[in-house]
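Everything on this sheet refers to the single structure shown next.
Note that these values count all heavy atoms, side chains included, but never hydrogens, waters or copies made by symmetry. To find a chain, count down the sequence lines: A is the first, B the second, and so on, and within it residues start at 1. Predicted model, so just to flag it, every value in this text is computed and none were measured.
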Amino acid sequence: GQQLNQSPQSMFIQEGEDVSMNCTSSSIFNTWLWYKQDPGEGPVLLIALYKAGELTSNGRLTAQFGITRKDSFLNISASIPSDVGIYFCAGHIAAGNKLTFGGGTRVLVKP
Amino acid sequence: GAVVSQHPSWVICKSGTSVKIECRSLDFQATTMFWYRQFPKQSLMLMATSNEGSKATYEQGVEKDKFLINHASLTLSTLTVTSAHPEDSSFYICSARDWRGGNQPQHFGDGTRLSIL
């Protein structure tokens, strides 16, 4: 089946730093979605991407749909403590199909 | 934005009990809802796709007689874990897509923490 490889698996951030994570696949996806999940809660949609090459921002978040349609990245600029959480990429291979999820990137605060 | 409500937030019950979890789309209609299971420090695993007015579609390895799904209206799907045992303890999350389809993304509920003693 389709798989999404998400990296890094975890990262430590210091307030003010920029953060970057990405997802790759061997399959072509028609839609890329980025979600954030806080402990004990469901994932919250951050950004949805629908066209190859599309670059979309949501506040300090920026995500891009790769030209090959097999990858996507998410950047967080000037991180703040509430950015801590787990970020998931997800994609559809076609409209209406079930979502395939990446393994998640756990963002933690540097001690 | 789209809101999906899931109830209850957490359940603790004895082994052998059946537990029902509700998933409601509050400000849109959803012909399709999805049920996921998530283990600690892992990603979401799709269990089944709930279709309004018809039978649910289960993923490989998911017992349909164990996890009963009913999607009787455009705003409500229920998951019943029948005769639950400790190994069924997990975080269950539902999601819903707006019935208008197309590129509407899935929106998720806040999950139900199920603990079977």
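- When all heavy atoms of A:Q37 and B:F91 are compared, the closest pair comes out as NE2-CE2, 3.9 Å.
- Residues A:F73 and A:I76 do not share a hydrophobic cluster, defined by chaining ILVMFWY side chains whose heavy atoms lie under 4.5 Å apart.
- Considering only heavy atoms from C-beta on, B:P105 comes within 4.5 Å of A:Y50 through its side chain.
- Closest of all the heavy-atom pairs between B:S43 and A:G102 is OG-O, 2.7 Å.
- With sequence neighbours excluded, the residues that form a ring pair (Phe, Tyr, Trp, His ring centres under 6.0 Å) with B:Y36 are A:F101, B:F108.
- Residue A:E17 qualifies as enclosed at atom CD: its count of foreign heavy atoms under 6.0 Å is above 12.
- Contact annotation for A:Q6: neither backbone nor side-chain heavy atoms come within less than 4.5 Å of a heavy atom of chain B.
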Assess whether side chain to side chain contact (heavy atoms under 4.5 Å, CB included) is satisfied between B:Q106 and A:H92, documenting all intermediate values. CA-CA 10 Å; B:Q106 289 183 30; A:H92 285 291; 4.1 Å; yes
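- Interface remark: of the candidates B:Q42, B:Q38, B:Q6, B:Q38 forms the most heavy-atom pairs closer than 4.5 Å to chain A.
- Within a 6.0 Å sphere centred on NZ of B:K66, heavy atoms belonging to other residues, nucleotides or ligands number more than 12.
- Summarising the local packing, NE2 of B:H7 is surrounded by 12 or fewer heavy atoms from other residues, nucleotides or ligands at distances under 6.0 Å.
- Residue B:E59 touches chain A through its side chain alone, counting heavy-atom pairs closer than 4.5 Å.
- In the hydrophobic clustering of ILVMFWY residues, with side-chain heavy atoms under 4.5 Å counting as a link, A:L33 and B:L44 come out together.
- Environment of NZ in A:K110: crowded, with over 12 heavy atoms of neighbouring residues, nucleotides or ligands closer than 6.0 Å.
- Here the OG-CD distance, from B:S9 to A:E41, works out to 10.0 Å after rounding to the nearest 0.5 Å.
- Between A:L99 and B:R97 the shortest side-chain heavy-atom distance does not fall below 4.5 Å.
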